[in-house]
Amino acid sequence: MGRDTIADIITSIRNADMNRKGTVRIASTNITENIVKILLREGFIQNVRKHRENQQYFLVLTLQHRRNSKGRYGTVLNLNLKRISRPGLRIYSNYQRIPRILGGMGIVILSTSQGIMTDREARLERIGGEILCYIW
């Protein structure tokens, strides 16, 4: 059985956010680097460093301090990530049927023929692909 690296990084980030950890260390692959670039560009994480340890590369993510800030009615803001397509059940969508998360406030990360991109970029390029995860 193969490992699901996307589910691993989503779970690591979600657990670190719930436990109020400042940093997360994840294995560095091409897919994880592209997803982390999207998270950094969209403002869900604060900083990324590439770290080498015993001939292996790791990405060290610095998370945003979202848990310290209070919402409008005293609610605590969480970083929500949900894996959609998985190795046992792939979910594909054309560009017209890509879902909008929270009316466009969240993002959908897609794997397309032109690389990993967000739902907004895929709609602009008019290409569909495999829906990897939702982030809001």
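In this chain, numbering begins with 1 at the start of the sequence shown. Keep in mind that the numbers below use all heavy atoms, side chains included, and drop hydrogens, waters and symmetry copies.
Every residue was checked against the side-chain hydrogen bond (donor to acceptor under 3.5 Å, both in side chains) condition with Arg86, not counting sequence neighbours, and none meets it. Every residue two or more places apart in sequence or in another chain was checked for a side-chain hydrogen bond (donor to acceptor under 3.5 Å, both in side chains) with Arg97, and none qualifies. Take Ser85 and apply the side-chain hydrogen bond (donor to acceptor under 3.5 Å, both in side chains) test, not counting sequence neighbours, and it matches Glu130. The side-chain hydrogen bond (donor to acceptor under 3.5 Å, both in side chains) search around Glu42 returns Arg120, not counting sequence neighbours.
Between Asp8 and Ile26 there is no side-chain heavy-atom pair separated by less than 4.5 Å. Side-chain contact between Ser12 and Leu61: absent, with no pair of heavy atoms (C-beta onward) separated by less than 4.5 Å. Proximity of Glu125 to Thr112: side-chain heavy atoms (C-beta onward) are nowhere separated by under 4.5 Å. With contacts defined as side-chain heavy-atom distances shorter than 4.5 Å, the pair Asp119/Ile107 qualifies. The shortest distance between side-chain heavy atoms of Arg100 and Arg123 falls below 4.5 Å.
Under a hydrophobic clustering in which Ile, Leu, Val, Met, Phe, Trp and Tyr are joined whenever their side-chain heavy atoms come within less than 4.5 Å, directly or via other members, Tyr57 and Val24 fall into different clusters. In the hydrophobic cluster analysis, where Ile, Leu, Val, Met, Phe, Trp and Tyr join through side-chain heavy atoms closer than 4.5 angstrom, Ile98 is grouped together with Trp136. A continuous path of Ile, Leu, Val, Met, Phe, Trp and Tyr side chains, each step under 4.5 Å between heavy atoms, connects Ile109 with Val48, placing both in one hydrophobic cluster.
Separation of atoms CG (Leu39) and CG (Leu79) is listed at 7.5 Å; rounding is to 0.5 Å. The CD atom of Gln56 lies 4.5 Å from the CZ atom of Phe58; values are rounded to the nearest 0.5 Å. Taken from CG in Leu81 to CG in Asn15, the straight-line distance is 10.5 Å, to the nearest 0.5 Å. Rounded to the nearest 0.5 angstrom, Ser111 OG and Leu132 CG are separated by 5.5 Å. With rounding to the nearest 0.5 Å, the separation of OG1 in Thr5 from CD1 in Ile10 is 9.5 Å. For the atom pair CG of Asn47 and CG of Leu40, the computed distance is 7.0 Å after rounding to the nearest 0.5 Å.
The environment of Arg49 atom CZ is sparse: at most 12 non-hydrogen atoms of other residues, nucleotides or ligands sit within 6.0 angstrom.
Applying the salt bridge (charged side-chain N to carboxylate O under 4.0 Å, His left out) test to pairs two or more places apart or on separate chains, those with a residue in residues 26-36 are Glu33-Lys50.
Heavy atoms only, all atoms of each residue included: Gln46 and Leu63 are closest at OE1-O, 3.6 Å. Closest approach of Asp4 and Arg83 over heavy atoms only: OD1-NH2, 2.9 Å. What you find for Gln64 and Phe44 is that their closest heavy atoms are CG-O, 3.6 Å. Across all their heavy atoms, Tyr134 and Pro99 have their closest contact at OH-CG, 3.3 Å.
For the side chain to side chain contact (heavy atoms under 4.5 Å, CB included) with Ile45, the qualifying choice from Asp17, Thr62, Val36 is Val36, the only one to do so. Shown are Leu110, Asn30, Ile31; of these, the side chain to side chain contact (heavy atoms under 4.5 Å, CB included) with Ile116 is made only by Ile31.
Cluster note: Ile127 groups with Met117 through ILVMFWY side-chain heavy atoms spaced under 4.5 Å, whether in direct contact or through intervening members.
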